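Note that the coordinates shown come from a computational prediction; the quantities given were computed from them, not determined experimentally. One is the number of the first residue; the rest follow in order along the sequence. Basis for what follows: all heavy atoms, side chains included, without hydrogens, waters or symmetry-related copies.
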Amino acid sequence: MTEERNSGNFKERGGINDLHIGKVGVQTIAEAKDKISSESKNWEGEEYSTSSAVELIFSAAVELDASDVHFETSKEGARLRFRLDGILYDVSEIQRNIYDLILSRLKLISGMKINVADSPQDGRFSMRREDISIDARISTIPAEFGEMVVVRILNPKTIDLKLSELGMRDDDRVIAENELKKPNGMILVTGPTGSGKTTTLYAFLKEVQDPGSKIITIEDPIEYRLSGIEQTQVSKDGSYDFSNGLKSILRQDPDIIMVGEIRDRDTAETSLNASLTGHLVFSTLHTNNASGAIPRLVDLGINPKIIGPALDLVIAQRLVRRICQKCRKENALSDEQKNDISSFLASLPERVKKPDINEIKIFSSVGCEECEGGYKGRVGIFEFFEVSDKFEVLINNGAAESEIEKTAKEGGMATLQSDGILKALLGETTLEEIERITGPIEWKAGS
C-alpha cells in the first residue's frame with residue numbers, strides 16, 4: 001500500500017522500502033548535470049513525485065559508479081554532489097521545498113524517523129534495477145540550514161575483485177598468497193576511510209574460501225553479502241560489538257575470522273590471541289602507514305610480547321585515480337627527471353621488478369568525453385610490512401615507529417609512495433596524483 005503527501009504541486013509517494021532505479025544514459029558528471037537540471041524543471045509540476053526525483057538522482061549516481069551522494073544544505077536549499085573516484089563533484093542545486101520532500105522520502109525508505117531533525121540518524125535501503133541490486137547506507141546530521149545527508153552506495157561490482165585484480169605488484173601479491181596459505185596468523189590492513197580496505201579483506205576471504213573451512217565475520221555494518229561465508233553485524237545497542245562478538249565467534253569453531261575494525265584493547269587482544277591459537281585472522285586498523293600498526297597496538301594497551309608472534313603481515317593502502325588511456329598526454333623526460341628516476345629505481349628493494357629506464361614514459365592528464373578531468377577509475381597502491389622474527393626484539397624494546405619503518409625498508413619493504421611512483425612510470429596514473437595522495441615526492445625510495 002502506498003501513500004501520497006502533497007506540498008504545493010510536488011507529491012511524495014511513500015511506503016516502498018526499495019528504491020527502483022533505471023538507466024538514464026549518463027557517462028560523465030557533465031551529462032548527469034544536464035539530465036538532472038533538465039528534469040528538475042518539472043519537479044514543481046503537478047504530476048511529478050518525490051520518488052521520481054530520488055530515482056533519477058540515484059540512477060545517475062549508480063550509472064557513474066559514484067561511491068557517495070551528498071546533500072549539503074544552504075539557506076536556499078541543498079547542493080547535490082557525487083563522489084567519483086574519490087573526488088566530489090557538484091551536480092545540482094535543489095530548492096528548499098523540493099529538498100525537504102526528498103529528505104523525507106530518503107528517511108522513509110531507510111527506516112529513519114521522519115519527524116526527528118535535531119539528532120543524527122543512520123539507516124539503510126536497497127536500490128533495484130533489472131540487472132542489479134545495490135545496498136546503500138545513509139547518514140543524516142543536523143546543520144545550520146537543516147539536515148545534511150550522505151549516502152554511501154555499496155555497489156557489489158566495485159568490491160567483487162580477486163586478489164590479482166587489486167593492483168598489487170607481483171612481489172607483493174606473492175607475499176599475500178603465501179600468508180593466506182598459512183593455517184593461522186594475523187593480517188592487518190591499514191588506511192583511512194575510503195582507501196579500499198574492505199575490498200582487500202573481501203578479496204582475502206574469497207581467496208581462502210574452501211568447503212572444508214568455516215569463515216565468520218563481524219562487521220559494522222555488513223557492506224556486501226558473500227555466499228558461503230557466515231557474516232555477522234554489530235548491534236546499535238552495543239549488546240553485540242566487536243569485542244564481545246569476537247569472543248562469541250570463537251565459540252563457533254571457526255577456522256578463519258574477519259574483524260571489521262580493531263578499535264579497542266579487548267578486540268585487539270582477542271584477535272591477536274586468536275591468531276596464536278590456530279585461527280587465521282583478518283582485520284583493519286587506522287594508521288597512516290604499515291609500520292605505524294605496531295605502536296598503535298601498543299597504544300591500545302597490548303603486551304608487546306604477543307604482537308610479534310601473532311602478527312604476520314601489515315598492509316597499508318590507498319586508492320589513486322587511473323589516468324584515462326584515451327586522452328593521456330605523453331611528456332618528454334628532461335635530463336633531471338631521468339636522473340631522479342634512475343636514482344629512484346636504484347634505491348628500490350631487490351625483490352621489486354624495475355622497468356627499463358629507456359622504456360619509461362611519463363603521462364599527464366588531459367580530459368575527454370569518456371573521463372573526468374583525465375582520470376577514470378582507481379587502482380590501489382600498497383605497502384607490505386612482513387613482521388618477521390627480527391622485529392620481535394624491536395617491538396619488545398619499544399622501538400619507535402621510525403626505527404621499525406627503517407628496518408622494514410632495509411628488509412625489502414617498498415613504501416606506498418614508491419609503489420605509486422612505479423605505477424606512474426608504467427603509465428597507470430600520474431605523478432601529480434601520487435603526490436596528491438602521498439605528499440611531496442621523494443625520489444630516493446629508501447629515504
Side-chain angles (χ1 to χ4, degrees), residues 2-85 87-110 112 114 117 123 125-130 134 136-141 143-153 155 369 372-373:
T2 63
E3 59 175 296
E4 291 192 350
R5 293 191 305 154
N6 216 338
S7 175
N9 292 324
F10 198 71
K11 296 186 293 183
E12 175 173 0
R13 187 172 68 245
I16 302 174
N17 291 327
D18 291 337
L19 183 64
H20 296 275
I21 60 175
K23 295 183 178 180
V24 293
V26 298
Q27 294 183 327
T28 64
I29 288 291
E31 290 179 358
K33 286 182 179 180
D34 290 343
K35 182 71 175 179
I36 292 174
S37 175
S38 175
E39 290 290 327
S40 66
K41 296 174 183 177
N42 302 319
W43 287 358
E44 290 282 4
E46 185 174 347
E47 297 303 320
Y48 212 93
S49 71
T50 312
S51 295
S52 299
V54 173
E55 288 163 11
L56 172 62
I57 289 169
F58 284 92
S59 294
V62 169
E63 208 151 308
L64 290 175
D65 290 331
S67 61
D68 302 86
V69 175
H70 292 235
F71 296 90
E72 300 174 356
T73 52
S74 64
K75 189 175 182 180
E76 292 75 25
R79 177 170 59 161
L80 172 65
R81 308 177 82 190
F82 291 171
R83 187 178 293 279
L84 188 63
D85 294 336
I87 305 295
L88 275 171
Y89 295 91
D90 290 349
V91 176
S92 181
E93 296 290 335
I94 303 174
Q95 296 177 25
R96 167 62 58 184
N97 63 319
I98 304 297
Y99 174 65
D100 288 343
L101 288 169
I102 288 175
L103 175 60
S104 294
R105 177 64 182 153
L106 289 173
K107 284 184 173 182
L108 182 66
I109 64 175
S110 57
M112 300 163 70
I114 296 177
F125 62 91
S126 294
M127 294 181 280
R128 301 191 185 280
R129 201 171 66 187
E130 289 181 2
I134 301 171
R137 291 205 321 258
I138 178 172
S139 169
T140 68
I141 60 171
E144 181 181 7
F145 298 109
E147 293 173 273
M148 295 193 300
V149 176
V150 175
V151 179
R152 168 64 57 90
I153 299 175
N155 195 330
E369 70 278 1
E372 299 295 340

Which heavy atom of A61 sits nearest to which heavy atom of V69, and what is that distance?
CB-CG2, 3.6 Å
Pair F82, I87 - check side chain to side chain contact (heavy atoms under 4.5 Å, CB included), show working.
CA-CA 8 Å; F82 291 171; I87 305 295; over 6 Å; no
Partner of T50 by side-chain contact (heavy atoms from CB on, under 4.5 Å), out of I102, L108, L103
I102
Compare all side-chain heavy atoms of W43 with those of L101 and state whether any distance is below 4.5 angstrom.
no
Under the side chain to side chain contact (heavy atoms under 4.5 Å, CB included) rule, what do D68 and V151 come out as? Steps first, then yes or no, please.
CA-CA 5 Å; D68 302 86; V151 179; over 6 Å; no
Nearest heavy atoms of H20 and E55, plus distance in Å:
O-CG, 3.0 Å
Minimal heavy-atom distance between A136 and M127, with the atoms involved, is CB-CE, 4.0 Å
Starting at CG of L80, measure out to NZ of K33 and round the result to the nearest 0.5 Å.
10.5 Å
Just to verify, what does F58 make a ring-ring contact (aromatic ring centres under 6.0 Å, His included) with, not counting sequence neighbours?
F125
Any sub-3.5 Å donor-acceptor pair from E147's side-chain atoms to I141's backbone N or O?
no
Quick one: are T140 and M148 in side-chain contact, heavy atoms under 4.5 Å?
no
Locate the shortest heavy-atom distance separating T28 from L64; write the atom from each residue and the value.
N-CD2, 3.4 Å
Which residues pass the side-chain hydrogen bond (donor to acceptor under 3.5 Å, both in side chains) test with E93, not counting sequence neighbours?
none
With D90 via salt bridge (Lys or Arg N to Asp or Glu O under 4.0 Å) - residues at least two apart
R79, R81
Stepwise side chain to side chain contact (heavy atoms under 4.5 Å, CB included) test for H70 and L88:
CA-CA 9 Å; H70 292 235; L88 275 171; 3.6 Å; yes
Would you confirm whether S110, through its side chain, and L106, through its main-chain N or O, come within 3.5 Å as a donor-acceptor pair?
yes
Minimal non-hydrogen separation, S59 against G22, with atom names:
OG-N, 3.0 Å
What distance separates I21 CD1 from L19 CG, expressed to the nearest 0.5 Å?
6.5 Å
Side chain to side chain contact (heavy atoms under 4.5 Å, CB included) between E76 and R96, worked out:
CA-CA 6 Å; E76 292 75 25; R96 167 62 58 184; over 6 Å; no
Backbone N or O of Q27 within a donor-acceptor pair of the E31 side chain at under 3.5 Å?
yes
Residues V24 and E63: closest non-hydrogen pair is N-OE1, 2.9 Å
Spell out, as yes or no, whether a donor-acceptor pair under 3.5 Å connects the side chain of E372 to the backbone of I29.
yes
To the nearest 0.5 angstrom, please state how far the CG atom of D65 sits from the CD1 atom of I153.
9.0 Å
With the side chain counted from C-beta on, respond yes when V54 and L56 share a heavy-atom pair under 4.5 Å apart, and no when they do not.
no
Donor-acceptor check, side chain of S40 to backbone of S37, threshold 3.5 angstrom: yes or no?
yes
